[in-house]
Amino acid sequence: MLDAAARQNAVAPVSFWTRLNENRNVLGLWFMLPAAAFLLLFLAYPLGLGIWLSLTDARIGRAGEFIGVENFVWLWGDSVFWLSVFNTLLYTIVASVIKFAIGLYLALLLNNNIAFKAFIRAIVLLPFIVPTVLSAIAFWWIFDSQFSIISWALIELGIIEQNIDFLGTPNNARASVIFANIWRGVPFVAITLLAGLQTVPQSLYEAATIDGASKWAMFRHITYPLLTPIIAVVMTFSVLFTFTDFQLIYAMTRGGPVNATHLMATLSYQRAILGGNLGEGAAISTAMIPFLLSAIMFSWFGLQRRKWQQGESDD
Amino acid sequence: MASVGIHDVRKSFGPVEIIHGVDISIEDGEFVILVGPSGCGKSTLLRMIAGLEKITSGEISIGERVVNQMPPKERDIAMVFQNYALYPHMTVSENMAFSLRLRRTENSIVTERVHIAAEILGLMPLLDRYPRQLSGGQRQRVAMGRAIVRDPQVFLFDEPLSNLDAKLRVQMRTEIKELHQRLRTTTVYVTHDQIEAMTMADKIVVMHDGIVEQIGAPLELYDNPANRFVAGFIGSPAMNFMSGHITGANGSASLRTEGGIDLPLGAGAPAASDGRPAVYGVRPEHFILSDQGAEASVVVVEPTGSEIQVVADMGGDHVVAVFRERHDLKPGQKIHLQPNPELVHLFDSDNGQRL
């Protein structure tokens, strides 16, 4: 009896508030609050607002009314929208595949012992460091219909007779913006894969040398499989960045000629901000979500620890 | 199986020569251990045999073939690395089969040979595991399995036990030796641990600063070290060295240490060397407690159970003595240590060569 009373006495003075504050979980929530608030305010709210707008007929200066999926139904029949979907997919797939190929090749080259290694690695990063708009403007000049340095050089070399109209015809324009995107995106892929390559222990290559592996066999059976987790990360990011690209296109072509280089992001901007149809623009942005989600799902499965990475600790 | 010949091999990294003309001949089926302190060039020499390092000059042959210009895969060797170098994304059996697969060996033969090797090493239950799921000793065994599967002319081991804990190291030592007795494949094994060298080797090559100090059977090196370096390197606890000069003539010669202690020399003492400076070497286990011995005072007593190790001050020199019998010694106690004159060693005080 006495014992129980004493215990009660010991517990009673601690207030509910104090106990709440000392609880590990409650404390954890407190610490999470700033980050959560940040995410809610700057990520979840805009995303939610975007999706809401896509279900309204909002225009600039006029709060919209809920109209259900009418915007999407309208987009379904809009050939320009479908052209932008096609452009975005083409842009993303072609640029990502080439970025991966060149990036991996560069990473393998840079992983060798070459003279001025650090210097060359720094140079490779340059396209990534320059602000996108600046490099886009540089490309705009490089691809200019009259003053293009490429056309000039080819004419001087006697290979062609006339200036190439890089940004003036649909397919040339697509190729040009894809080229610019690749130029800009390769460093990210190359440097990240290089970091991955450097985690592969040298002794594995020595063991493989003794096992009789050729250079190709080493790449195929050692480098590539050990690099797959990093490749999954890099390519997911690369695909996301490319799919949502806006700056490069907007600075170089503004979606032209005749919408041939309009990506979903630029079309959305054009309809929502320039055209004033916020609801419709938001609907185009919202239509990107399924694509992005599938890219994220892909990475989620790609990022899962492979069977050989599981097991006991690294001891 | 094959013999290995190493003839006047040198290795330079840039302007720095780190192996200065090494000659070793390894018989067919022999277990040879290259031992020496770190930086002595033993691993580099092994890697040159493997073909992972270029030979600057000289000649290495495996069997009848000079392999200087031959790529590793044609040398018909297998190597076990210090960190095992198992392919992390392959299972145990895939790791072992890798070299055979590269050579496009038939599936049935690959399976058979992997199973034979796994059987020998007790790896059968682990064949489907990944390296991460194995303990250190198991990984070590897989690394050996990978070597066995190839059925090579020569096994090369590069400090294979240094990543294991002390107990496992002793166990794997026995396993490797047993494996060699069973397979009789020529083996070159690198270690910095002289106990590993003593316990496993048919022949030990002691290296130091890029040269070979001595080659011989373990007990030969222990009993007749060619110089002071080998004498100090082989044996644990290490041999005691005391500088002094020889006094007296043939028969009753002795060495007077710098601390003024007279130590007896056996019949083998060099003739007519009265007054010559020399280094006196005696192994800790070759002392006995005797009234005729030199006086010393006990500094530290370290019992290990099976023996007792005593550090004592003998005329200013610290000497270590090991006794199998149990003596009740206390720090500060005066004792008399008598070296067995037939088992003492005498070295030149300048070049360290045996006298």
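In what follows, chains are A, B, ... by sequence order, proteins preceding strands, each numbered from 1. Only this structure's heavy atoms are used, side chains among them; waters, hydrogens and symmetry mates stay out.
Residues satisfying the salt bridge (charged side-chain N to carboxylate O under 4.0 Å, His left out) test with B:Arg146, not counting sequence neighbours, are none. For the side chain to side chain donor-acceptor pair (under 3.5 Å) test, residues two or more places apart in sequence or in another chain that qualify with B:His7 are B:Asp23. Residues meeting the salt bridge (charged side-chain N to carboxylate O under 4.0 Å, His left out) test with B:Lys11, sequence neighbours left out: B:Glu53.
With a 4.5 Å cut-off on non-hydrogen atoms, B:Leu52 touches chain A through its side chain but not through its backbone. Within the 4.5 angstrom heavy-atom criterion, only side-chain atoms of B:Arg47, from C-beta onward, approach chain A. In this structure, chain A has heavy atoms under 4.5 Å from both the backbone and the side chain of B:Tyr87. Heavy-atom distances place no part of B:Leu100 under 4.5 Å from chain A, backbone and side chain included. Neither the backbone nor the side chain of B:Ala143 comes within less than 4.5 Å of any heavy atom in chain A.
Nearest heavy-atom pair across A:Ala217 and B:Leu102 is CB-CD2, 3.8 Å.
Contact annotation: the side chain of A:Thr228 never approaches that of B:His89 to less than 4.5 Å [non-hydrogen atoms, C-beta and beyond].
A 6.0 Å sphere centred on CD of B:Gln181 holds more than 12 heavy atoms belonging to other residues, nucleotides or ligands. Within 6.0 Å of atom CZ in A:Arg220, 12 or fewer heavy atoms from other residues, nucleotides or ligands are found, so the atom counts as exposed in its surroundings. Around CZ of B:Phe13, the count of heavy atoms belonging to other residues, nucleotides or ligands within 6.0 Å exceeds 12. Dense packing is recorded around NZ of A:Lys117, with more than 12 heavy atoms of other residues, nucleotides or ligands lying under 6.0 Å away. Heavy-atom contacts from other residues, nucleotides or ligands closer than 6.0 Å to CZ of A:Phe179 number 12 or fewer. The local environment of CZ in A:Phe246 is crowded, with over 12 non-hydrogen atoms from other residues, nucleotides or ligands closer than 6.0 Å.
Contacts from residues 193-211 of chain A to chain B, taken as heavy-atom pairs separated by less than 4.5 Å, involve A:Ser203, A:Leu204, A:Glu206, A:Ala207, A:Ala208, A:Thr209, A:Ile210, A:Asp211 in sequence order.
In terms of heavy-atom pairs under 4.5 angstrom with chain A, the leader among B:Met79, B:Arg101, B:Arg150 is B:Arg150.
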